Amino acid sequence: MKLAEYGDANMELALRGLESKTLDPYLAGWRTRVVPALGHLAVRMITNGVVDRAVQNWIADEHSRSTVKNTIAVLVRVMEQAVRDGIIKVNPARVSGWQKLYKQAQDELRDPRALALPDWQTLIQLADALVAASYNQYRGWGDVVLFAASTAARIGEVSGCRVGDIDTSQWIWTVQRQTTPAPGGLTDKGTKGKRARKVPIIEEIRPLVAQRILSAGPAPDARLFTGPRGGRISTAVLRDATHWDEVVTQLGHEHLRRHDLRHTGLTWLADAGVPLHVLRRIAGHGSLTTTQRYLHPDTHKITAAGSALSAHLSVLRAPRTLPATTVLTR
C-alpha cells in the first residue's frame, strides 16, 4: 500500500488522543508536504534516508520551524501506526538532528552569496563535468545547469519551462510554473510565489536556448528541458543522473547543491549592479529583506560612498558667490 493510501485509511487512528487545535496543522502538513513528497512510495519503502531528504527539502523551501515540526510529527504518528499493524518493524520517521539542519539552512539563507560559484568559467567547468559523468554524456544536463544559473531559477522552474514561455524577440523568459514531486510522480504547478515573473536571458546562453527551441519543436507547450528520454526533470533526477555529489566534490565544491545555482545567478546579478527592486522581481522574492542578502557593498564601494557624501556636504558648506555690487551713478 502506498503511504498516501495508508495514511488516509488510518489517519483517525494514528492521531487519536490529540487536541483539536493540534489536528489542523498536522493534517495540513500531511496534505501539503508529506503526501506530495512521499505519498507515492510504498509504506515499506519509507526509510530514514528518504525522510531525511524530505525534511531537508522542506527546510530548503523556507518553511518555518513549527511547520516542519508539525509535518514530521504527523508522519511519525502514521508510521508508528504502521509499526503497530506489523507492516514495518522500526519507525523510520523518527529522525534526529533536523533542528541542526534547520539552523544550518537559516545560516546559509543569511549569506546566500557564500554559496555562489565565483565566475562563468567555473560554471562552464561544472556543466561539462556533469555531462561527462552522466550516462551517454547527455548534453541536456549541462544545458539545465547553465540555464538555471544564468536565470537564477529553481531546477523545478527550469523543468516547467515551455517553448511558449520564451520571447526570443526580447529574450525574456516568463516563469509561470514549476515541476514538483506529487503522488504518482512529478507534476507541474504554479511558481513558489504563485505569481509569474519575467527573467532576462543573457547573450551567453541565447544560442543554447535557440537550439533547445529548435529541438523541442514549434508547439508552445513543448518542454524546453527534459531528460534523455523526454521525461520531466527534478533536482533529485539531476543529482542522480549526473552523479552530482561525486562531481562537485572532485571539483572542490563539495557543499554545492542544485539550489545554489539560483544563489549563483542572483549573486552575479547583484554584483552587476542590478537595482534592488528589479533584482527582487527577477528573483520572485516576497520580502525585500531576502533580496538584500545578495548585495555585497565591498570596502571600495563603502569608501566611495563616504567620499561621495563628503563631496556632497562640501558643496552644501561652500559659501555662495554673491552678485557684484551695482554702483549707481547720477
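Reckoned from all heavy atoms, side chains included, excluding hydrogens, waters and symmetry mates. From a predicted model like this one, the values you see are computed outputs, not experimental measurements. Along the sequence shown, residues are numbered consecutively beginning with 1.
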List the steps and the verdict of side chain to side chain contact (heavy atoms under 4.5 Å, CB included) for Ile201 and Arg206. CA-CA 7 Å; Ile201 299 175; Arg206 288 176 188 175; 4.0 Å; yes

So if you build clusters from Ile, Leu, Val, Met, Phe, Trp, Tyr with side-chain heavy-atom gaps below 4.5 Å, do Ile72 and Ile46 land together? yes

What's the verdict on side chain to side chain contact (heavy atoms under 4.5 Å, CB included) for Asp260 and His263, showing C-alpha distance, side-chain angles and the deciding distance? CA-CA 5 Å; Asp260 295 337; His263 294 316; 3.1 Å; yes

State whether the number of non-hydrogen atoms from other residues, nucleotides or ligands found under 6.0 Å of Glu203 atom CD is greater than 12. no

Rounded to the nearest 0.5 Å, what's the gap from CG on Leu266 to CG on Asp271? Could you check? 11.0 Å

Nearest heavy-atom neighbours spanning Ala37 and Ala54: CB-CB, 4.5 Å

Parallel under 30°, tilted from 30 to 60°, perpendicular over 60°: which one fits the rings of His285 and Tyr294? parallel

dist Asp165:CG -> Thr174:OG1 (nearest 0.5 Å) comes out at 6.5 Å

Under a 4.5 Å cut-off applied to non-hydrogen side-chain atoms, are Trp120 and Ser150 in contact? yes

Under 3.5 Å, side chain of Gln211 to main-chain N/O of Leu208, donor-acceptor pair present? no

Taking C-beta and beyond as the side chain, do Thr187 and Thr180 meet within less than 4.5 Å on heavy atoms? yes

Between the main-chain N or O of Gly160 and the side-chain N or O of Arg177, is there a donor-acceptor pair closer than 3.5 Å? yes

If you apply the rule side chain to side chain contact (heavy atoms under 4.5 Å, CB included), what do you find for Leu23 with Met11, and how did you get there? CA-CA 10 Å; Leu23 290 176; Met11 188 61 70; over 6 Å; no

Ignoring hydrogens, what is the shortest heavy-atom contact between Glu204 and Pro207? Give both atom names and the distance. O-CD, 4.1 Å

Shared hydrophobic cluster for Val278 and Val199 (ILVMFWY, side-chain gaps under 4.5 Å): yes

On a heavy-atom basis, the closest approach of Gly227 and Trp141 is CA-CH2, 4.0 Å

Is the shortest heavy-atom distance from the side chain of Arg239 to the side chain of Arg258 under 4.5 Å? yes

Between Trp268 and Gly265 (side chain of the first, backbone of the second, donor and acceptor by atom type, cut-off under 3.5 Å), is there such a pair? no

Taking Ala283's backbone N and O only, do any of them form a donor-acceptor pair with Arg262's side chain (distance below 3.5 Å, no angle check)? yes

If you round to the nearest 0.5 Å, how far is CG of Leu261 from CG of Leu115? 11.0 Å

Please check if Ile172 and Val274 belong to a single hydrophobic cluster, counting links between Ile, Leu, Val, Met, Phe, Trp and Tyr side chain heavy atoms closer than 4.5 Å. no

Are any side-chain N or O atoms of Arg162 and backbone N or O atoms of Ala222, one a donor and one an acceptor, separated by less than 3.5 Å? no

Does one side chain, of Gln81 or Asn10, offer a donor that lies under 3.5 Å from an acceptor on the other? no

Does Asn136 use its side chain to pair, donor to acceptor, with the backbone of Tyr138 at less than 3.5 Å? no

Testing Val50, Leu41, Val78 for side-chain contact (heavy atoms from CB on, under 4.5 Å) with Leu3, which one passes? Val78

Rounded distance (nearest 0.5 Å) linking atom CG of Leu126 with atom CG of Leu256: 6.5 Å

Any non-hydrogen side-chain atom of Trp173 less than 4.5 Å from a side-chain atom of Cys161? yes

Testing the basics here: between Ala116 and Thr264, what is the closest heavy-atom pair and its distance to 0.1 Å? CA-OG1, 3.4 Å

Side chains of Asp119 and Leu123, heavy atoms from C-beta outward: is any pair under 4.5 Å? no

Is a side-chain donor-acceptor pair under 3.5 Å present for Arg33 with Thr71? yes

Any chance you could measure Gln250, atom CD, to Asp245, atom CG, to the nearest 0.5 Å? 11.0 Å

To check you understand the geometry: which heavy-atom pair defines the closest contact between Ile87 and Tyr6, and what is its length? CD1-CE1, 3.5 Å

Same cluster (ILVMFWY, side-chain, under 4.5 Å), Ile205 and Val131: no

Using a 6.0 Å cut-off, check whether atom CZ of Arg44 has over 12 heavy atoms from anything other than its own residue. no

For a quick check under 3.5 Å, do Arg280 and Thr291 share a side-chain donor-acceptor pair by atom type? no

Just by distance, no angles: are the side chains of Gln178 and Asp188 close enough, under 3.5 Å, to form a donor-acceptor pair? no

Co-membership, hydrophobic cluster, residues Ile233 and Leu224, 4.5 Å side-chain: yes

When you compare the side chain of Arg281 with that of Arg197, does any pair of heavy atoms fall below 4.5 Å? no

Heavy-atom pair of closest approach, residues Ala129 and Leu251: CB-CD1, 4.0 Å

Evaluate the side chain to side chain contact (heavy atoms under 4.5 Å, CB included) criterion for residues Tyr26 and Thr22: first the C-alpha distance (whole Å), next the side-chain angles of each, then the deciding distance (0.1 Å), finally the verdict. CA-CA 6 Å; Tyr26 275 31; Thr22 306; 3.5 Å; yes

Look only at the side chain of Asp128 and the backbone of Gly142, and say whether a donor-acceptor pair between them is shorter than 3.5 Å. no

Rounded to the nearest 0.5 Å, the CH2 atom of Trp30 sits from the CZ atom of Arg77 at a distance of 13.5 Å

If you define the side chain from C-beta out and look only at heavy atoms, does anything of Arg16 sit under 4.5 Å from Glu12? no

Heavy-atom side-chain contact between Val43 and Met79 under 4.5 Å: yes

